[in-house]
Amino acid sequence: MSLLKVENLSLGSDRISIVKEVSFVIHRGEIYGLLGESGSGKTLTSLSIIRLLPPGVHILSGKIIFKEIDLTGLDEENLRNIRGKEIALILQDPLSALNPVLTVGEQIEEVLSGNKAERKRRAIELLKEVGLPDPEMRLRNYPHELSGGMRQRVMIAISLARDPSLLIADEPTTALDLTLQIQIMKLLLSLNQKKGLSILFITHDLGVMRWIARRVGVLYKGFLIEEAPVEDLFKTPLHPYAKELMKAYSIEDSGTEMRALNLKTQEHQGCPYLALCSEKTEKCYKKGVPPLIAISPKRKVRCWHYEK
Amino acid sequence: MKNKLLVQAKGLWKSYEIRVSLFKKIRFWALKNINLEIKERESVVLLGESGCGKTTLGKLILGIEKPDKGHIEVSTSVQAVFQDPYASLNPRMKIKESLLEPFLIKFRKSEKEGLKKVINLLREVGLSKEVLELYPHALSGGQRQRVALARALITDPGLLVLDEPTSSLDVSVEAQILKVLKRLREKTGASYFLITHSLRVAKALADKILVMYMGNIVEEFSAELLNKTMHHPYTQMLIRAYPDPFAPSPPPFDQIKGEVAGITEIKKGCPFYPRCPIKEDICLTGSPELKPLSRKHSIACFLVSKLNHLN
Ligand SMILES: Nc1ncnc2c1ncn2[C@@H]1O[C@H](COP(=O)(O)OP(=O)(O)OP(=O)(O)O)[C@@H](O)[C@H]1O
Ligand SMILES: Nc1ncnc2c1ncn2[C@@H]1O[C@H](COP(=O)(O)OP(=O)(O)OP(=O)(O)O)[C@@H](O)[C@H]1O
Ligand code: SF4
Ligand SMILES: [Mg+2]
Ligand SMILES: [Mg+2]
């Protein structure tokens, strides 16, 4: 059964289109991964789900259906009931997400219910769960007194505080050392297995993605260009960009070309990967943007080479 | 040829006061007896646990913080790329202004010349000049990080302190940035002090690797020795926890355990004792000193003789 269904979602500002007709489904109890290069639209896609888009970026079209309700049509008040409680978010930038003038304790207890003692007990429990040493003392610290990794774990604790059914985790482990990263992965995997927590997991780290997600969607310049079960994607990537990504990882210091970012208002005439693709043929120039082609019930790819 | 020493730090100690309860503050040591040398053209990579003091050490090199004890000498111009790119960029300034400002302050040259250099550098880090007219908030995390890097490079510093500069970038952009850094070292002889959590990045750029745990340097070695020799138990744990996307089986989720000891519960003994898989009673007798095994390798561990068997 699906928990979240993103259908033909397009995001953009007045000048440019940023995310283009992206569709994916997250089933109940599933960990779905979004992979993609820097600037491909991972963060904005996830923020749009709970309508926390930065000023100037809007949902242009599409539906976001969470438990049968279309969130794009929901008013702010109803949305507030869903945010944090039903859908929690771990932001990419922990420093900007924490309030600098409130202590860690105040920020966690703010989202908890119960009397003062209960909230404190639960806050300590949560900090322990995410592996923060000295939880009791840390409650009194302000964000600037914590290291980058500690702030990240406080963020994770806050997001888990209200037992959400969907967790959106935007690069939750990038600030952590490998031994903590693996512990956070384990924590999320066990919340997923034991409590059935569904997770939208965003990362550009191939190793983390491989061992946490069940299915993965790959974004490139705002397009979903491939979707596959995680083992298949890593064993036999189909899209030329996905192949390039796997290659760049294995070959140390690979000779990838400069990928200058293009923010121009240009409407994509053809395939978004055309300029950098090493497998392009005449067909790719002649035709427009390739459709997302279903190769098998579980695999989709947006590339003309797979046209039947 | 002997390269010049750019940074020389001896016996650095740095403490912070932390409130442990409403009425009580304690002083804890974020850095303990750190010795550090960075030579011209050398890349020193610092690996370590989250919260162990890496950024603090970077701040001492930059002179943003002062040590409580010990002394540090820096004989070159230093620029930084911070862990949090928001910290390097003024949110109210367009990217263009952010990039031009340090150039115009340092060199008495025209804005036109500055702009030329800005555009060149942006290209080097894989951004086009369209970002010039934008504000930081309109960029993705990785794009901001690259602007911060360009800003640090614009004044041709002799030493760059890079605090996790590629951790928000995907592998293909990361590879590009590493190339830019290498090229720059060839061209200008710049040195790097790079803080990272990525063994891949360490391998790609480091000449020397330092591993830190709770304010102590627990291992120091030439980069080529990574994974080719015995390592400190914490370094070994890092290596084991590395999730290899192409391995046949998942990383050992259950083997990597242990809470980092809290700063309020540290007694005497080796700082890694609570998590160490090979600890013995002797490890509680004091804090092990960093001892050389060879010219290229030092480890701080009482049970060095036991380490062989783990690799
Ligand atoms: N507030 C904004 N206004 C206009 N454009 C924006 C804004 N925020 C982001 N963008 C643009 O939208 C694109 C997608 O941004 P997003 O933050 O979703 O990328 P991302 O995939 O999360 O990248 P990263 O891995 O670097 O975090 C980027 O090219 C960025 O320049
Ligand atoms: N201004 C401050 N006041 C009090 N304590 C501080 C301050 N800055 C840092 N600390 C403490 O010093 C220790 C080291 O912090 P530092 O930021 O150097 O860690 P780090 O190694 O960079 O960690 P990370 O990998 O998580 O960024 C932490 O315990 C942190 O809480
Ligand atoms: S000194 Fe003892 S506790 Fe510390 S790392 Fe070595 S074996 Fe482990
Ligand atoms: Mg992002
Ligand atoms: Mg840090």
Engineer: Go through Gly48(B), Ala241(B), Ala247(B), Ser198(B) and name the one with the most non-hydrogen pairs under 4.5 angstrom from chain A.
Structural biologist: Ala241(B)
Engineer: Considering all heavy atoms of both residues, which atom of Leu200(A) and which atom of Ser46(A) are nearest to each other, and what is their separation?
Structural biologist: CD2-CB, 4.2 Å
Engineer: Could you look at Leu139(A) and say if it's the side chain, the backbone, both or neither that has a heavy atom under 4.5 Å from chain B?
Structural biologist: neither
Engineer: Only one of His231(B), Gln236(B), His232(B) forms a side chain to side chain donor-acceptor pair (under 3.5 Å) with Glu219(B), so which one is it?
Structural biologist: His231(B)
Engineer: Regarding Asp207(B) and Arg185(B), does a basic nitrogen lie under 4.0 Å from an acidic carboxylate oxygen?
Structural biologist: yes
Engineer: With a 4.5 angstrom heavy-atom cut-off, is it the side chain or the backbone of Thr43(A) that approaches chain B, or both, or neither?
Structural biologist: neither
Engineer: Can you name the one residue among Lys25(B), Arg27(B), Glu65(B) that meets side chain to side chain donor-acceptor pair (under 3.5 Å) with Tyr16(B)?
Structural biologist: Glu65(B)
Engineer: Take Asp254(B) and Lys186(A) through the test salt bridge (Lys or Arg N to Asp or Glu O under 4.0 Å) and record every step on the way to the result.
Structural biologist: CA-CA 8 Å; Asp254(B) 289 319; Lys186(A) 191 174 148 191; 3.3 Å; yes
Engineer: Chain B heavy atoms under 4.5 Å from Glu231(A): which part of the residue, side chain, backbone, both or neither?
Structural biologist: neither
Engineer: Considering only heavy atoms, which portion of Phe246(B) lies under 4.5 Å from any heavy atom of chain A: side chain, backbone, both, or neither?
Structural biologist: side chain
